[in-house]
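Contents: one structure, followed by commentary.
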Amino acid sequence: MRFSINYSLKMNKKTNVLGMLFFGVSMIGFAQEQTETTVEQLDEVVISDSRFKLKRENSGKTVIKISQKEIENNQGRSISELINTKSGIEINGSKSVEGQTISSFIRGGNNRQVIVLIDGVQVNDPSLVSNEFDLRLLDLSTIESIEIIKGAASTLYGNAAATAVINITTKKASSKKISANFLTVVGTNQTQDDLNYYGTSFTNNVSVNGSLEKFTYLASFGNRFAEGLSAFKGDNAEKDPFSSFNTNVKLGYEVSDAFEISTFGSYNKFKTDIDGFRSVSPYDFMDTNNRYISEQTRFGVSPKFTYHNGSVQVNAAITKIDRASISDFGETPTEAESFVVDAFNKYVFNDTFYTIIGLNYSDYKSVFLAEEGYTNTDPYLNVVYVSDFGLNINAGTRFNNHSAYGSHLVYSLNPSYSIPVNSGYAKVFGSYATSFIAPNLSQLFGLYSPNPDLEPEENTTIEGGLEFSSKKVFRINGVYFNRKEENSIIYGFPMYENATTDATVHGFEVEAELKTIKDLSISANYTFTEMKDGVRLRVPKHKANASLGYNFCENTFASLNYQFNDSRLDVGNVDLESYSLVDFYVSHNILKNKVKLFGSVTNLFNEDYLEVSGYTTKGRNINLGLNINL
């Protein structure tokens with residue numbers, strides 16, 4: 001399989017992707033006649049809120065589950081674009097120029113209050129101000145599923161899990177001896193004022209995987225290149241190209257029926273031209289020749305021993321990060337390392353009590369003017385009770401032991417009660433949880449406005465909600481949340497500082513999924529977020545998403561997606577206007593689902609809007625892709 005088509009298109013700026021899309025869609029007109037299939041509706045299972053496989057009706061948290069099918073119906077998107085369609089979540093920068101920094105605002109929080117897991121291992125960058133994991137390093141085509149727990153989850157996942165945990169599971173090896181997958185996408189990358197429809201965005205991914213008796217393997221490589229846009233929104237601005245590549249290897253071996261071990265390694269890199277500032281003024285954003293390079297290398301191992309009613313597992317990983325920012329002020333290289341070990345024992349008592357007891361150790365280092373670091377050593381306990389009369393309780397505690405800030409106890413109580421209703425259930429749930437968030441190394445010792453005297457931030461979160469579900473027809477839920485922040489770390493002048501007053505964020509979310517008509521699926525969500533005290537930048541008070549999907553036949557699928565973002569406040573008291581976006585997607589499988597053609601149009605009506613003041617956003621863009629499974 002050759003991918004030279006992408007690069008020849010890149011060289012030929014006359015490539016008209018709109019014409020290619022129309023050609024692809026015309027092929028769908030020859031779709032096979034619809035065939036009748038019988039699909040058994042299974043109970044949806046969630047894992048992240050307890051680390052056990054529990055039916056959704058027995059979970060007391062609001063868990064968003066993005067399945068492999070949903071990922072396949074969003075091919076061509078980035079992971080941040082997909083997550084941004086979910087309730088309570090604003091991934092700022094996901095619709096701007098490719099090199100734009102991504103900020104995760106979930107339930108009115110910020111990056112430093114969100115934890116990202118990849119295959120059970122926490123990932124972050126201790127050299128960044130918010131200590132977050134950069135979602136631009138991930139390739140959506142390598143991901144099997146995503147679960148997002150909204151609300152505090154510090155008892156299970158530790159320091160900083162105050163507003164959400166994004167739990168990413170990568171693809172597993174095929175049961176065949178050898179399988180392969182090839183993905184290629186060609187698209188435009190243009191603004192609202194420059195609709196030339198040239199092919200200037202290229203994505204490729206290849207994966208080889210399989211099983212040889214007790215041994216499993218998977219190796220994948222992906223790359224992405226995009227140009228055509230400038231980060232700075234202005235006339236005659238210089239275009240800022242973006243390129244990335246991802247390499248992943250996963251190996252597993254079943255030593256016996258009771259013991260298995262898996263290892264992984266990954267190398268991810270991206271580089272981008274990005275515009276910046278020509279003075280120390282935060283409002284002097286200009287068309288500059290700045291560049292940004294980020295590399296991350298990860299290695300990990302996960303042995304697991306299974307015994308009667310339980311298992312012992314260890315997830316360990318070491319990560320090395322190299323970044324460099326290059327501007328007129330010179331080059332600023334940054335090095336960081338992390339070592340994370342999570343060892344835990346899970347035990348089930350007669351499908352009624354589920355217990356997990358563990359120890360999490362993490363060691364973070366970063367080089368600024370000198371090497372700085374800290375460690376966490378956290379024992380934790382979590383218990384789940386699932387009764388036969390509808391009552392469910394999820395409770396836990398963690399003892400945070402921070403090398404610089406001492407010991408802090410966090411805890412959570414999450415009861416729920418469900419009753420059967422026809423073929424589904426009705427559920428009421430609530431939660432009370434605390435979180436501890438230590439200052440990050442960059443805030444304490446970094447090159448820009450550090451303050452070594454910062455105090456830890458502490459959060460208290462209260463939730464309450466209702467959920468109704470009919471397995472074959474609909475699911476609808478609503479939840480109210482209220483989070484109080486003490487010692488919030490804010491950017492002051494001339495350094496970071498703890499806020500002198502507490503901040504309170506509250507709001508509510510509503511989600512609905514409907515399947516009242518055969519082959520037609522409808523989903524929608526709405527989020528209201530309000531700062532009762534304090535200020536949050538770029539967080540919309542009102543946000544809504546809606547999706548309409550239809551299977552025209554067994555092999556042909558199409559969807560329309562809508563998003564509304566309310567007005568937001570940005571740096572310098574700039575008011576960003578509200579906006580609405582509509583996206584279209586269509587796919588068709590041929591050759592017994594071995595070949596898939598797909599196309600998409602994003603920002604269908606070419607809405608002109610801003611995510612960040614002064615930065616470019618994408619206009620109407622078209623993608624056309626091919627996916628081959630062997």
Side-chain angles (χ1 to χ4, degrees), residues 48-49 59-64 86-90 103-115 148-166 392-398 400 408-417 427-437 455-467 476-490 498-512 525-544 566 568-569:
S48 299
D49 63 329
S59 171
K61 298 288 285 185
T62 51
V63 180
I64 294 173
K86 304 307 176 182
S87 67
I89 300 174
E90 169 62 15
S103 299
S104 300
F105 304 133
I106 300 181
R107 288 187 170 179
N110 53 45
N111 287 8
R112 62 188 304 270
Q113 296 167 323
V114 178
I115 278 181
I148 305 171
I149 318 170
K150 290 178 293 183
S154 289
T155 55
L156 269 179
Y157 296 105
N159 179 30
T163 63
V165 174
I166 301 174
N392 310 289
I393 298 175
N394 187 342
T397 185
R398 174 183 286 249
N400 286 290
H408 296 260
L409 182 70
V410 296
Y411 53 90
S412 64
L413 179 62
N414 179 207
S416 64
Y417 186 79
K427 178 176 67 173
V428 59
F429 57 92
S431 176
Y432 182 89
T434 62
S435 301
F436 161 80
I437 308 171
E455 294 295 325
E457 177 183 313
E458 297 185 36
N459 285 198
T460 302
T461 303
I462 301 174
E463 298 178 34
L466 298 169
E467 181 168 294
I476 183 170
N477 65 56
V479 60
Y480 169 80
F481 60 89
N482 184 295
R483 188 179 76 261
K484 182 178 180 180
E485 298 180 1
E486 299 179 18
N487 286 332
S488 298
I489 298 175
I490 60 176
N498 292 107
T500 56
T501 58
D502 296 341
T504 302
V505 184
H506 79 142
F508 63 88
E509 304 162 354
V510 178
E511 300 175 352
N525 61 68
Y526 165 77
T527 305
F528 170 81
T529 308
E530 182 180 46
M531 289 292 302
K532 296 181 67 175
D533 301 296
V535 176
R536 285 290 187 272
L537 299 178
R538 302 169 191 160
V539 177
K541 178 177 284 189
H542 305 279
K543 184 172 181 178
D566 196 14
R568 289 95 53 226
L569 182 68

Spacing of [atom1] belonging to [X] relative to [atom2] belonging to [Y], to within rounding of 0.5 Å:
X: Lys541; Y: Glu530; atom1: NZ; atom2: CD; answer: 4.5 Å
X: Thr62; Y: Glu463; atom1: OG1; atom2: CD; answer: 5.0 Å
X: Ile393; Y: Leu413; atom1: CD1; atom2: CG; answer: 7.0 Å
X: Asn394; Y: Leu156; atom1: CG; atom2: CG; answer: 7.0 Å
X: Thr529; Y: Arg107; atom1: OG1; atom2: CZ; answer: 9.0 Å
X: Ile89; Y: Ile106; atom1: CD1; atom2: CD1; answer: 4.5 Å

Salt-bridge test for [X] and [Y]: reply yes if a basic N is under 4.0 Å from a carboxylate O, no otherwise.
X: Arg538; Y: Glu90; value: no
X: Glu485; Y: Arg536; value: yes
X: Asp502; Y: Lys484; value: yes

Go through Ser412 and Thr155 one step at a time and tell me if the side chain to side chain donor-acceptor pair (under 3.5 Å) criterion holds. CA-CA 7 Å; Ser412 64; Thr155 55; 3.2 Å; yes

What are the two closest heavy atoms between [X] and [Y], and how far apart are they?
X: Glu455; Y: Asn498; answer: N-OD1, 2.8 Å
X: Phe436; Y: Asn159; answer: O-OD1, 2.7 Å
X: Met531; Y: Ala503; answer: CE-CB, 4.2 Å
X: Asn110; Y: Val114; answer: O-CG2, 3.8 Å
X: Gly158; Y: Ile115; answer: O-CD1, 4.0 Å
X: Ala152; Y: Thr461; answer: CB-OG1, 4.0 Å

Is the Phe508-Tyr480 ring centre distance short of 6.0 angstrom? no

Aromatic contact, Phe528 with His542 (centres under 6.0 Å): yes

Side chains of [X] and [Y], heavy atoms from C-beta outward: is any pair under 4.5 Å?
X: Tyr432; Y: Thr460; result: yes
X: His506; Y: Arg483; result: no
X: Phe105; Y: Pro540; result: no

side-chain contact (heavy atoms from CB on, under 4.5 Å) between Ser87 and Ile64, worked out: CA-CA 9 Å; Ser87 67; Ile64 294 173; 4.2 Å; yes

Between Arg568 (side chain only) and Asp566 (backbone N and O only), is there a donor and an acceptor less than 3.5 Å apart? yes

With sequence neighbours left out, write down each residue that passes side-chain contact (heavy atoms from CB on, under 4.5 Å) with Ser154, or none if nothing qualifies. Ala161, Val410, Ser435

Tyr411 atom OH, neighbour heavy-atom count above 12 within 6.0 Å: no

Kindly indicate, with the supporting measurements, whether the criterion side-chain contact (heavy atoms from CB on, under 4.5 Å) is fulfilled by Leu409 and Thr397. CA-CA 7 Å; Leu409 182 70; Thr397 185; 3.2 Å; yes

Pairwise salt bridge (Lys or Arg N to Asp or Glu O under 4.0 Å) hits with a residue in residues 149-160, at least two apart: Lys150-Glu509, Lys150-Glu511

Run the side-chain contact (heavy atoms from CB on, under 4.5 Å) check on Lys532 and Val505 step by step: do they pass? CA-CA 6 Å; Lys532 296 181 67 175; Val505 184; over 6 Å; no

With sequence neighbours left out, what residues match Ser104 under side-chain hydrogen bond (donor to acceptor under 3.5 Å, both in side chains)? none

Set out, in order, the CA-CA distance, both residues' side-chain angles and the distance that settles side chain to side chain donor-acceptor pair (under 3.5 Å) for Asn459 and Glu457, then state yes or no. CA-CA 7 Å; Asn459 285 198; Glu457 177 183 313; 3.1 Å; yes

